[in-house]
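Proteins get letters first, then strands, A, B, ... in listed order; numbering begins at 1 in each.
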Amino acid sequence: MLDLAHDEPTPKVYAGLTGDWEVVIGMEVHAQIASKAKLFSGASTEFGRGPNENVSLVDAAMPGMLPVINRFCVEQAVRAGLGLKAKINLRSVFDRKNYFYPDLPQGYQISQFKHPIVGEGEVLVDMAPGVARRVRVERIHMEQDAGKSIHDLDPALSFVDLNRTGVALMEIVSRPDIRGPEEAAEYVRKLRQILRYLGACDGNMQEGSLRADVNVSVCKPGDYERFRETGDFGVLGTRCEIKNMNSMRFIQAAVDFEARRQIAILEDGGKVDQETRLYDPGKGETRSMRSKEEAHDYRYFPDPDLLPLVIEQAWVDAIEASLPELPDDKKARLIAQYGVTEYDAGVLCADRAAADFYETVAHGRDGKQAANWVINELFGRLNKQGLDIGDSPMSAAQLGGMLDLLANGDISGKIAKELFEILWSEGGDPAEIVAARGMRQVTDAGAIEAAVAQVIAENPEKAEQAKAKPSLSGWFVGQVMKATGGKANPQAVQALVKAGLGIDE
Amino acid sequence: MAVDKATVRRVAHLARIRVDEDHLAPMAQELSRILAFAEQLAEVNVDGVEPMTSVTPMALRMREDVVTEGDARDAVLANAPLTRGGFFAVPKVVE
């Protein structure tokens, strides 16, 4: 496997009144598994149905109902684990996490506490070309999602929709290895990218398919290194947990706010309370969740309705053999195979469909040129119109055909941009369009010479001026290009204009 | 293990069971006796014995990822004390 060499980014430093501070971040990411049915019932996971339409009697916790685990969900958890180079535990156990809330009809969440299905892995978080943070993953476990409570439809009532109740989640728990607000956002971005490559989670943050709880504490320079040496959390500051973040931008802003808040408290001689907080994007601040003030006591115990989950190594091996090429490997390969820069490779690998599109375009062509057109022209246009690569009106074959015409000298770079516009808005075969609309570049010296001679003959005064001052010959180049409808080869025009005016190089 | 009044109060609250103040002490005593009875098991030497998870040697059975249930809103809501527009309606939970 190819592995790009990288340096560690420097931690974010906050200048305080009493000296410098650093921030330490750990994350719990909840990713909905992209299954059709729920983790323990046969109800649909489809988003956006009417209230309580995707609810089975198991999800509603009716008496006598028993959970039966969904094999696909187990497989996705294993895929995610393998994708994060993690240890897969062949035996794992489901526990009950007990608490009361209206959208949790069982009175407990089925989760994995002591024996999760996936052990230690890692995520390489890219910060810049050649700079990446290796964030250790502590574990991944499977659990049930809760329902949704809606508090603003009635002054006296909360409304409860159980459609999400029982949907399978993977909780991916990192070590506190993230060292700045940007790193926190990039960690989630990279994790989302990997899960999407694997197909384990659709990563739709607006629909809540991926949400992060962010643990933030601050410390003095050197403390974190001491923690890494000793494993003693005591040398780190008291942490606060910011719940339920579903946007990279908000994560970055919330971490930054929270770090500054904690530093202000500490520099004021106060102490940070370990608590759960919510981020308010409107105000750009975090605030305490008073309702959760009561100390958590989940009274975990093994769920008597479920036997331990035992899977075969052979199954894990088969799943491993079916994994797609993952972002880090793909990026390294694109650099090696097509000669693109690390930055461009990163952009191209952002999602699998985009990388596939690029490879189809680049196949058998100039990889760098293909990257320029795909990134600058195509992605640029898609972004502008809010489209995904899958919605691109132009196919990889069309763009590739256009690059062939450019490489053969059939069209100039200027005409290529025009052709791109036509392919984008009208579609069609690039070679046919060029032939039918007379867009072929004129390389025939005779035709260009004739055009040059005509422009010079029509503008005798300007020709005299240009002979005296050769820098003015650019005007003639422009006129000849215009006269030929932009189809003349610009280098050839330049040379012939100079020859026509009798200017020596 | 002896259970005191404060523990009974806390456990009762966690389980959302109302226990009157004058019942706390007797219940602490009863719970302590039950726990003491169970604690006799601690006298058995279980070194090297795997915890038993089932009386039958079975592995967890799995189900295929197929939608087989749902679209039963009325049945799901049938026992709810209060509903509104397809939702369960509960006393306001303030965040």
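Counting heavy-atom pairs closer than 4.5 Å to chain A, the top residue among Ala15(B), Ala72(B), Ala75(B) is Ala15(B). Across Val310(A), Leu309(A), Ile311(A), Asn54(A), the residue that shares the most heavy-atom pairs under 4.5 angstrom with chain B is Leu309(A). Annotation: maximal heavy-atom pairing with chain B below 4.5 Å, among Ser35(A), Ser56(A), Ser41(A), occurs at Ser41(A). Each of Glu53(A), Arg71(A), Glu75(A) has some count of heavy-atom pairs under 4.5 Å with chain B, and the biggest count is that of Arg71(A). Top candidate by heavy-atom pairs under 4.5 Å with chain A, chosen from Met62(B), Arg10(B), Arg63(B), Arg61(B), is Arg63(B).
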Trace of the side chain to side chain contact (heavy atoms under 4.5 Å, CB included) decision for Arg84(B) with Leu157(A): CA-CA 10 Å; Arg84(B) 285 279 193 283; Leu157(A) 299 170; 4.0 Å; yes
Side chain to side chain contact (heavy atoms under 4.5 Å, CB included) evaluation trace for Leu77(B) with Asn52(A): CA-CA 8 Å; Leu77(B) 295 175; Asn52(A) 293 305; 3.9 Å; yes
Side chain to side chain contact (heavy atoms under 4.5 Å, CB included) assessment of Asp161(A) paired with Phe88(B): CA-CA 7 Å; Asp161(A) 174 13; Phe88(B) 291 91; over 6 Å; no
Pair Val66(B)-Lys36(A), side chain to side chain contact (heavy atoms under 4.5 Å, CB included): steps then yes or no: CA-CA 6 Å; Val66(B) 179; Lys36(A) 295 187 187 77; over 6 Å; no
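Of the two parts of Ala60(A), only the side chain, counted from C-beta on, holds a non-hydrogen atom closer than 4.5 Å to a non-hydrogen atom of chain B. Asn79(B) touches chain A through its side chain: at least one heavy atom from C-beta onward sits under 4.5 Å away, while N, CA, C and O do not. In this structure, chain A has heavy atoms under 4.5 Å from both the backbone and the side chain of Val90(B). Neither the backbone nor the side chain of Ile33(A) comes within contact range of chain B; no heavy atoms are under 4.5 Å apart. The part of Pro102(A) that comes within reach of chain B is its side chain, from C-beta onward, which places non-hydrogen atoms under 4.5 angstrom from that chain. Within the 4.5 angstrom heavy-atom criterion, no atom of Pro105(A) approaches chain B. With a 4.5 angstrom heavy-atom cutoff, Ser149(A) does not touch chain B via any of its atoms. Looking at Val93(A), there are no atoms closer than 4.5 Å to chain B (heavy atoms on both sides), in backbone or side chain.
Counting heavy atoms from C-beta on, the side chains of Arg299(A) and Leu14(B) come closer than 4.5 Å.
Around CZ of Phe37(B), the count of heavy atoms belonging to other residues, nucleotides or ligands within 6.0 Å does not exceed 12. Counting non-hydrogen atoms of other residues, nucleotides and ligands closer than 6.0 Å to CD of Glu312(A) gives a total of 12 or fewer. Crowding of Met65(A) atom CE: a count of heavy atoms from other residues, nucleotides or ligands under 6.0 Å exceeding 12.
With respect to Arg49(A) and Asp71(B), a salt bridge is recorded, a charged nitrogen being found less than 4.0 Å from a carboxylate O.
Panel note: side chain Lys92(B), backbone Asp154(A); a donor-acceptor pair is recorded below 3.5 Å. Not a single donor-acceptor pair under 3.5 Å links the side chain of Asp65(B) to the backbone N or O of Phe72(A).
Across Gly85(B) and Pro51(A), no two heavy atoms sit closer than the pair O-CG, 3.6 Å. For the pair Glu69(B) and Val58(A), the tightest heavy-atom approach, listed with the atom from each and the gap, is OE2-CG2, 4.5 Å.
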